[in-house]
Participant: 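Before I ask anything, here is the structure I am working with.
In what follows, chains carry the letters A, B, and so on, assigned in the order in which the sequence lines appear, proteins first and then strands, with residues in each chain numbered from 1. Since this is a predicted model, take the numbers as computed values, not measurements.
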Amino acid sequence: MSSQRIKFYQTGTFTVGNRLLDDSHRTVQASMTRANALTSGHRACQGCGEALGARYVLDTAMRATGGNLIAVNATGCLEVFTTPSPETAWQLPWLHSLFGNAAAVATGVAAAMRVKGKGTRVIAQGGDGGTTDIGFGCLSGMFERNDDVLYVCYDNEGYMNTGVQRSSATPPAARTATTPAVGAEPGNPFGTGKSLPLLAMAHRLPYVATASVFDLHDLEAKVTRAMGFGGARYLHVFVPCPLGWGFATDRTIELARLAAECGLFPLFEAIDGEVTSSTPIRRRVPVDAYLRAQKRFAHLFDGDQADPVVVRLQALADDNIRRFKLVDGAGGRP
Amino acid sequence: MLKQLECSRAIAEVIARCRPEVVCAYPITPQTHIVEGLSELVRDGTLAPCEYINVESETSALSVALGASAAGARAYTATASQGLLHMAEVVYNVSGLGLPVVMTLGNRAVGAPINIWNDHSDAMALKDAGWIQLFARDAQEAVDLHVLAFRLAEELSCPVMVCVDGFVLTHSVEPLDVPAQDDVDAFLPPYRPVQVLDPTDPVSIGAMVGPEAFTEVRYLAHHKQLQALERIPQLAADFRARFGRDSGALLHGYRTGDADTIVVAMGSVTGTIEVAIDELRDAGLAVGAVALCAFRPFPLAALAGALGGAQRVVVVERNLAPGLGGAMASNVRMALRGQPIPVYTAIAGLGGRPVTRASLRRLIEAAHADAVDDLTFVDLDNDAIDRELARWDERRRSGPSAENMLRDARRAR
Amino acid sequence: MKKPFAITLDPGSSLHNHTGSWRTQRPTYVDRLPPCNATCPAGEDVQRWLYHAEAGDYRAAWEAILDDNPLPAVMGRACYHTCEGACNRAQLDEAVGIHAVERFLGDLAIREGWPAPAPAAATGKRVLVVGAGPSGLAAAYHLARLGHDVTIRDAMPRAGGMMRYGIPRYRLPREIVDAEIERIVTMGVRLELGVRVDDLPAAMRDGGFDACFAAVGAHLAKRVDIPAADAGKILDAIGLLRQVEGLGDAPLLGRRVVVYGGGNTALDVARTAKRLGATDAVIVYRRTQAQMPAHEDELREALEEGVLVRWLSTVKEMGEGELTIEKMTLGADGKPVPTGELETIAGDTLVLALGQAVDLTPLRAVPGVRFTPDGSVEVGPDLMTGYPGLFCGGDMVPADRTITVAVGHGKKAARHIDAYLRGGAYEPAAKHAPAGFDRLNTWYYVDADRTVQPQLEMARRVGTFAEVHGGLDETTALFEARRCLSCGNCFECDNCFGVCPDNAVIKLGPGKRFRFDLDFCKGCGVCARECPCGAIEMVAEEI
Amino acid sequence: MLEIRIHGRGGQGVVTAAELLSFAAFREGQYAQAFPSFGSERMGAPVVSFCRLDHEPIRLREPITAPDVVVVQDPTLLQSLDVFAGLHDDGWVLVNSSRGFADLGLAEWVERFPRGHARCVPATEIARAHLGRPLPSAALLGGFAGLTGAVALDSLRAAIRERFAGDVGERNAAAAAATFALTRPEPARC
């Protein structure tokens, strides 16, 4: 169990807060004194999952470090929508350099903090493009040196900042501007892409985890745990993108939930390269429920017949469920 | 105190005395000896406190320095050639953010064809990246310029690239005086950043700037360079006062007073040129030389002053701007705008080809007689060129020119 | 710090950028009507009192019940809880055991001696309540709270009406009834027992009452003619239950008792017969189990206790120690049709449980009062009869005859009487829109099966009149209260505050709920979608 | 030269509208230039696009600050921006609203324009009816054509069909025609 579940039943146990709970059991986001590290007035799309994810992560890290935190940001949506001069939405020390070098810049900041003995902690953050693709070299270097940085990838499965192109985190069959839904195998080809969490684990990092904006308790527990480790850590946060995926702006969290509960996005954590726990699926759903809600998969549901691609995607989900042990016993209620 | 030292080692030692707090290194010839020396000085505790970080690429090397500098640490790295181009976007970024990183550039040709020897192609490729570029004319200046560079960088909050000719200077072993720690400490105050990442006073550094302010941001970068034009001579004077030698300047003039012909160059070729000038003076030619130390900012006024009395100028430069001629000569012409004197461009010493006193004398003599073309390639193997061009005429595709020419050269032998 | 122009910025300066201008729809907090409340005949705001109970503030929870119902301990036992039938949680796992929590609160209040709320300042108006059953008691209680001077008159020797003389003890212990009545009396309500009121206008006039609420119930047993060898062996249910309560002679039933009818009273009688020592208790009912009006739980418990039921059967004749019954079949219209097939079953006594009628005698002569064809009193929406100032409720008027309806009538009548006495009309507040299951986001709720109330062991159940169902203890009551989904009403879970990508929800602090910051709300709708209980609505922006 | 400025929100097809207009005009042999104004704002944020139409080649590359026509795709913008900035008094105004200028509080203001130069059209309603989705761009372009006569309806429909294949194109073309019919000046009576 990745986050400590509340044993005694409470009304709305999985909600952000709960008036019945002790403060220590509520999420950081329930607190009136949360840092709001990413504050109002930013220019993210309505219903932006990344804006949510970044505030969740940084506010938690701010609490975990007593506010002694610096953030380094890769180029991308998160950077552009938060800091169009002359206004910034950040309320913590924040540095943006380039698209592909966030991990290395963070290494530099961490080195400065170490040499000055300040104890200030460092988070580097970027989208999936800046993490899995252009920034992967710097990131791998930061990993293998075990620099004291928590790298957070906000994964919206594509290059949304530049207009929704494919990244190596784009899922199979998804339509993007560079994997159009035409031809024999429409959308992103199967058998491509990479799992950064597994690559991070291969670096034998002290801590690697995946999290999602729909389960705040789980996400915050992971950030808190990550900040308890020294050295290089990696957190991969699933952040749906209403624009890039094509869904109504109010369904961001719902989509994140469906992705996890169908098994396509497994929530787990790994210590020293070994998976140590996973967050069980509470109400399992078929991948259909997740895919149908998005325009980027609409071509799978054009005809009268179920597309065989859906079956392949279900197989991927089932494989995750088996591999990460996402279902215990009966597997929650369907 | 003079010691017989390899220049790279002396640079490592002087860098250590500048007390950088973060040193990032990615090996590339010919700067490797510098960062190797630093790694030893950090490991043995000579340089402390300091974080020495072995990175996986030049992009990371300068990025780490960038992060460290933004977080308030004095940061240093070194690179050369392809390495500089690999980190190119970070080079622009460091200056754009106004971070006073100091970087040694062991000047080296840029491939292909791959070539590890000296010329200035690398520095010229990034001359407009917003960094201050200082060229060392000799090994001692290479050492001294680093002390000056840190102070200049931090005063202006602008990065400085110290350009040291690869092998020719970096690997030269000679008597060198490494500035003493006390003197360095007195000359170079601790780093007080203009902006810093500080949880007690948070700021966002690196905002996206749109059309409404980008021009102004760029103007201010230019303004910093203009300020450097004023500060460099002052710091050079300070340096002379404390260390007792002339290191660092906008430019160094040599026998220019009554010269009709003045040679302009940068880097290690300066010494050879001065010898050639002496010989030609002895032969009665009114010739002199100017060695540019500052290439960015470009000392337009100082250079115009130094060249004011000449009837012609010969720019000897270790780089080629294909399709134009020389980057340096174009800049020199800016200094002489409005003056009806010819500026001859001589491309010399590319990819490590020795620039010899004899060649230089031939060049200067010819120029002095206005018997050179506007663009001259010193010591060009015209036979090889002619044969290859003939082949080009026969067939559009004749195989790699470099291999053809090597084959010809073997035949010729 | 002297910051470099444009590239280095002051923290949080984006607050100058009011992204509220992006919005085409705005979120709004709403309170909706949960199905429990919507279906409660007594109008209990179940969600509201459970909200207090969830926090362990039992006193506040109990007081919230008392706003609508003065008899929580009784109701927690004897109400057939339509609320639970409507509870949205039933679509998730099982309905919240609302009655069990109510009973817990009611019992706790009795144990702790919590008083009823202090009445408002005296109005000087006097009201006569006729009938000390649940409806009359409720009316008296509410009227007293409103500051009126109330007198209850009842023909019976003890107060409680059907709570005492209709519902057996094993379902409703008498000390509970007594305690809750005592609390009302303590408020200053005068109780005059053993006084039959035959002329209501006279009683009002003579007693100087400004208004009257009559709720005398339906005590007249309906009968059918059944040929019998010994008519003494045919009893009526209501009479039998009164006898058990000590009115008149002790009942003599014999070993084999047959009960004729299919309502709750039939089951009460059959189960009572078992407790009085009958070896056989057989219910004869004309229709099928599905058509039986009795409450499902009651039937189940009766069957557990060994009561037998003859479905689709009518009693034709009562003989000596046996009865003749005729089998029925269902016609095309779903009504039972005789088959002519006869059968003989053993039976020493036949108890008729065929329903009750209202004794309309006291109202016959009252000018303006009218009656419905089936023998109820006609009242307006305000429960007033045609005679000014005379209101009726409970089993006397056309409605379901349950204790909960009765208590609801009492409250309703009290409000209208109050308005009448003040010379105005009571306007009930507009009802909120319903909080349906489809508006809930149930992912946020943990699966939690209903708490099972302890039950008396079977041997003691049939041997005594001890209460069958036990109550919840504090832990289980708290657990059960917390199963409430708070349908349609904010329970301060902080979801909207947490899930807003634009930090445009302002948390106002415990008990104060939240506010939207329309300077920054872009109108994405995530808050509404993720509100677990459906208490946020998106409304198109007006231009 | 006719200079048109279109105001809407990110995601509503503001940029596409300007482009379609330019395609339609090009079909008629006009010179047309369409260009967006990109900021760091995202979906939902107020955005603006521009279109110039002329019978001569267009060399101007500056943003349109004094438009001849202002098209407002989303009336909620009226609260937060001066969408009519720079519009001159003989210009044209087309606002997407099922209500009138009076309801929008603009009754007095639109009086400055020549008769028939300012119109509200229920483009979102028309879009819903034809597309089943509230995307008012095509419908508004039909309104623009009817109002100004600057492009013919047929050119516009052709441009729409060229951009959107199949059914989507047909539906958008129909939406444009519907709004065109609403805004076209009354034919003169014989």
Participant: May I ask you to list the residues in residues 46-55 of chain A that approach chain C closer than 4.5 angstrom, counting heavy atoms only, ordered by number?
Facilitator: A:Gln46, A:Gly47, A:Cys48, A:Ala51, A:Leu52, A:Arg55
Participant: Taking only Lys NZ, Arg NE, NH1 and NH2, and the carboxylate oxygens of Asp or Glu, determine whether A:Arg251 and C:Glu530 approach each other closer than 4.0 Å.
Facilitator: no
Participant: Heavy-atom distances under 4.5 Å only: say whether A:Leu216 touches chain C with side chain, backbone, both or neither.
Facilitator: neither
Participant: Work out which heavy atom in A:Ala44 is nearest to a heavy atom in C:Lys522; give both atom names and the distance.
Facilitator: O-NZ, 2.6 Å
Participant: Can you list the steps and then say if A:Thr39 with C:Ser14 is a side chain to side chain contact (heavy atoms under 4.5 Å, CB included)?
Facilitator: CA-CA 8 Å; A:Thr39 193; C:Ser14 62; 3.7 Å; yes
Participant: Output yes when a side-chain donor or acceptor of A:Thr249 lies under 3.5 Å from a complementary backbone atom of C:Cys524, and no otherwise.
Facilitator: yes
Participant: C:Lys507 side chain to A:Ala30 main-chain N or O, any donor-acceptor pair under 3.5 Å?
Facilitator: yes
Participant: So for C:Asn441, is it side chain, backbone, both, or neither that comes closer than 4.5 Å to the heavy atoms of chain A?
Facilitator: side chain
Participant: Which of the residues C:Cys527, C:Cys500, C:Cys496 is involved in the greatest number of heavy-atom pairs with chain A at under 4.5 angstrom?
Facilitator: C:Cys500
Participant: Can you tell which of C:Thr442, C:Ile7, C:Asp519 has the highest number of heavy-atom pairs within less than 4.5 Å of chain A?
Facilitator: C:Thr442
Participant: May I ask you to name which of C:Phe520, C:Trp443, C:Phe497 has the most heavy-atom pairs under 4.5 Å with chain A?
Facilitator: C:Trp443
Participant: Just so I know, are the side chains of C:Asn495 and A:Gln29 near enough to count as touching, which here means a heavy-atom distance under 4.5 Å?
Facilitator: no
Participant: Side chain, backbone, both or neither: which part of C:His18 has an atom under 4.5 Å from a heavy atom of chain A?
Facilitator: neither
Participant: Looking at every heavy atom in both A:Met32 and C:Leu508, which two are closest together, and how far apart are they?
Facilitator: CE-C, 4.0 Å
Participant: Locate the shortest heavy-atom distance separating A:Leu20 from C:Glu54; write the atom from each residue and the value.
Facilitator: CD2-O, 3.6 Å
Participant: Is A:Thr82 close to chain C through its backbone or its side chain, or both, or neither, when contacts mean heavy atoms under 4.5 Å?
Facilitator: neither
Participant: Quick one: do the A:Thr252 and C:Arg529 side chains pair a donor with an acceptor below 3.5 Å?
Facilitator: no
Participant: Go through the atoms of C:Tyr51 and report whether side chain, backbone, both or neither lie under 4.5 Å from a heavy atom of chain A.
Facilitator: both
Participant: Should A:Arg19 and C:Asp494 count as an ion pair when the cut-off is N to O under 4.0 Å?
Facilitator: no
Participant: For a side chain to side chain contact (heavy atoms under 4.5 Å, CB included) check, start with the C-alpha distance between C:Leu9 and A:Ser85, then their side-chain angles and the critical distance, and finish with the verdict.
Facilitator: CA-CA 7 Å; C:Leu9 307 174; A:Ser85 188; 3.9 Å; yes
Participant: Backbone N or O of A:Thr15 within a donor-acceptor pair of the C:Tyr445 side chain at under 3.5 Å?
Facilitator: no
Participant: Backbone N or O of C:Val526 within a donor-acceptor pair of the A:Asp250 side chain at under 3.5 Å?
Facilitator: no
Participant: What are the two closest non-hydrogen atoms of C:Val499 and A:Tyr56, and how far apart are they?
Facilitator: CA-OH, 3.5 Å
Participant: So which part of A:Leu38 gets closer than 4.5 Å to some heavy atom of chain C, the side chain, the backbone, both or neither?
Facilitator: backbone
Participant: Is a donor on one side and an acceptor on the other found under 3.5 Å between the side chain of A:His42 and the backbone of C:Thr19?
Facilitator: no
Participant: Does the A:Ser40 side chain pair with the main chain of C:Leu15, one donor and one acceptor, at a distance under 3.5 Å?
Facilitator: no
Participant: Would you confirm whether A:Thr88, through its side chain, and C:Gly12, through its main-chain N or O, come within 3.5 Å as a donor-acceptor pair?
Facilitator: no
Participant: Is A:Phe214 in contact with chain C via its backbone, its side chain, both, or neither, using a 4.5 Å heavy-atom distance?
Facilitator: both
Participant: Decide yes or no on salt bridge (charged side-chain N to carboxylate O under 4.0 Å, His left out) for C:Asp447 and A:Arg283, but give the supporting numbers first.
Facilitator: CA-CA 10 Å; C:Asp447 298 330; A:Arg283 297 184 186 177; 3.6 Å; yes
